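Comments concern the structure below.
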Amino acid sequence: MGNKMVGMNEILIYNIIPLIFLIIIYFIWKKYGEDEKVNSITSKYPPNNLNILQVSYLYTDDINDEDFTPFMIQLAKEGYIKIIKDKKNYKIIKIKAPKEEIKSYFIKELFKDKEEIDIKNFKNRISKLMNIVKKKIESKYEVENVYESKSLSKKSLTKFMIFIIYIMSILKLLIDLKNIKLFLLCIIIPCIGISILFKNSKSKKLNIKIIGIIISVIFILLPIILLESKIDNFTYSFIYLINIILIDIMLILNALMPKKKTNIIKLKSKIEGFKNFISNNDNIIPLIKENIDYYYEIYPYSYIFKIDNIIKLKETLDIKNPSWYEEK
């Protein structure tokens, strides 16, 4: 009976305090972190003065190798390059240099001193180049230009609170476990799992997201198996599991914490409105029939927004290849 009471007291001490912290963090998020609600603004075109990589960054908060193709299509449509498909390979020919900073840097670094390149021979360079371009776009939308200052300070506070809860969750482990190697594993493994979870959450591929979630969950819960094999005490495993769940919820709220400024929210609402507009065939088919260039204006965005209907329209409407694209 005494042991059960000790177990219950431990659960109350180690789980109630994290629950209180979670409630506090939730109310901080509601007041300082929740983005303003702005209705999407319907538009036939994306926001002015934004290239497709900037649209992708604002829409998904990320840029990766998948954005290379739509960016190349946009550059080709604007007359800076020509794309030639030869069987399964693509050759890119440089036509002229853009004036816009990001586009100019991209083409300069992609071609170097060459006038044309084969994509199959430049995959490694493309990946590195996309990472550099991502940093350039991130610097354009620096943290202080995107988020409210009060929200950023509250984010730091919630990070500190999460750290305190994590220390609490391993404090009992430090006391009960007389194995420093196992102790370190039980600390490091969940951190790796949480890192994988957040890194893969930004992926634009659903299968990568699913695999990332599965792997991260295994890493996060693995210490329970290790603990049960070394400590004959179910209480700690229960405390650990509950705390990890609470910490995960806190981390999600923390990730959502920075409140975006009104101008950024409106910009994103325009992007969302543009996406919704081109997702509807009834909206875009009359515009395409009126002006075939409109199809290739919105075509690269089908990759960014994962819209299949635009790609299918090429065959449905018997749309010919543009002058900047050639098949051999």
Side-chain angles (χ1 to χ4, degrees), residues 45-47 50-98 100-112 114-138 200 202-209 271 274-275 278-279 284 288 292-315 319-328:
Y45 300 94
L50 292 182
N51 65 52
I52 197 166
L53 292 184
Q54 291 170 314
V55 171
S56 179
Y57 178 75
L58 290 171
Y59 180 70
T60 65
D61 295 323
D62 191 29
I63 291 173
N64 56 36
D65 293 357
E66 296 175 44
D67 295 318
F68 174 79
T69 298
F71 191 41
M72 295 304 288
I73 293 172
Q74 185 179 68
L75 291 172
K77 184 187 179 301
E78 293 172 354
Y80 301 118
I81 61 173
K82 182 172 182 177
I83 302 171
I84 299 176
K85 183 180 180 182
D86 188 0
K87 297 179 181 179
K88 293 184 179 181
N89 184 40
Y90 288 89
K91 181 183 292 184
I92 310 297
I93 299 173
K94 182 168 66 174
I95 305 298
K96 62 181 180 178
E100 196 267 322
E101 181 186 358
I102 292 174
K103 294 176 182 176
S104 176
Y105 175 83
F106 187 89
I107 286 183
K108 180 181 177 182
E109 291 300 312
L110 182 64
F111 286 93
K112 294 291 185 181
K114 300 179 181 294
E115 293 300 315
E116 61 180 59
I117 60 170
D118 288 330
I119 292 299
K120 67 178 181 180
N121 299 326
F122 284 81
K123 289 185 178 179
N124 291 334
R125 183 189 293 182
I126 288 168
S127 185
K128 292 177 182 177
L129 186 54
M130 292 301 289
N131 284 329
I132 295 173
V133 170
K134 175 184 175 180
K135 290 177 181 177
K136 284 183 172 291
I137 291 176
E138 284 176 337
N200 283 276
K202 290 187 174 183
S203 174
K204 297 174 183 179
K205 291 184 178 179
L206 181 60
N207 59 334
I208 292 178
K209 283 187 177 182
I271 293 171
F274 171 61
K275 175 202 168 186
I278 64 175
S279 297
I284 62 176
I288 292 171
I292 199 66
D293 285 342
Y294 182 73
Y295 176 79
Y296 288 108
E297 181 76 27
I298 64 174
Y299 178 73
Y301 292 95
S302 64
Y303 292 88
I304 299 295
F305 301 135
K306 307 299 181 187
I307 304 173
D308 293 335
N309 67 302
I310 294 176
I311 297 173
K312 292 176 181 177
L313 281 178
K314 192 172 189 298
E315 293 184 6
I319 297 172
K320 306 299 181 184
N321 288 334
S323 58
W324 47 261
Y325 178 77
E326 182 183 332
E327 290 184 348
K328 289 187 175 180

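What you see below is based on every heavy atom in this structure, not just the backbone, and it leaves out hydrogens, waters and symmetry mates. Values in this document were obtained by computation on a predicted structure and should not be read as measured data.
- Other residues, nucleotides and ligands place more than 12 heavy atoms under 6.0 Å from the CD atom of Glu326.
- Lys128 pairs by the side-chain contact (heavy atoms from CB on, under 4.5 Å) definition with nothing, not counting sequence neighbours.
- No side-chain N or O of Lys77 forms a donor-acceptor pair with one of Tyr299 less than 3.5 Å apart.
- Between Val55 and Phe274 the shortest side-chain heavy-atom distance does not fall below 4.5 Å.
- Minimum interatomic distance between Lys103 and Glu78 (heavy atoms only, all atoms of both residues): NZ-OE1, 2.7 Å.
- Side chains of Val133 and Tyr57 form no contact here, defined as non-hydrogen atoms less than 4.5 Å apart.
- Two residues are said to be in side-chain contact when any heavy atoms from C-beta on lie closer than 4.5 Å; Met72 and Tyr90 fail this criterion.
- Shortest non-hydrogen contact noted between Ile319 and Leu313 is CD1-O, 3.9 Å.
- Using a 4.5 Å heavy-atom cutoff, the side chains of Asn321 and Lys314 are in contact.
- In terms of heavy-atom proximity, Ala76 sits nearest to Ile83 at CB-CD1, 3.9 Å.
- Rounded to the nearest 0.5 Å, atoms CD1 (Ile117) and CG (Leu110) are 3.5 Å apart.
- In this structure, Ile307 CD1 and Ser279 OG are separated by 3.5 Å, a value rounded to the nearest 0.5 Å.
- For the residue pair Pro98 and Ser104, the shortest heavy atom distance occurs at O-CB, 3.4 Å.
- For the pair Asp86 and Lys91, the minimum side-chain heavy-atom distance is 4.5 Å or more.
- Side-chain contact between Lys134 and Asp67 is absent, with no heavy-atom pair separated by less than 4.5 Å.
- In this structure, OH on Tyr295 lies 7.5 Å from CD1 on Ile310, to the nearest 0.5 angstrom.
- Residues Ile73 and Tyr301 fail the side-chain proximity criterion, which asks for heavy atoms closer than 4.5 Å.
- Remark: Ile298 CD1 to Ile288 CD1 distance equals 4.5 Å, nearest 0.5 Å.
- Taking the centre of each ring, Tyr45 and Tyr294 come in below the 6.0 Å mark.
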Quick one, Ile92 with Phe111, criterion side chain to side chain contact (heavy atoms under 4.5 Å, CB included). Give me CA distance, side-chain angles, the key distance, then yes/no. CA-CA 9 Å; Ile92 310 297; Phe111 286 93; 3.5 Å; yes
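- Residues Tyr303 and Phe71 form no side-chain contact, since every pair of their non-hydrogen atoms from C-beta on lies 4.5 Å or further apart.
- In this structure Tyr325 satisfies the side chain to side chain donor-acceptor pair (under 3.5 Å) test together with Glu327, sequence neighbours excluded.
- Separating the CD1 atom in Ile93 from the CD1 atom in Ile81 is a distance of 10.0 Å, to the nearest 0.5 Å.
- Looking only at distances, a side-chain donor or acceptor of Gln54 sits under 3.5 Å from a matching main-chain atom of Asn51.
- Distance CH2/Trp324 to NZ/Lys82: 11.5 Å, rounded to 0.5 Å.
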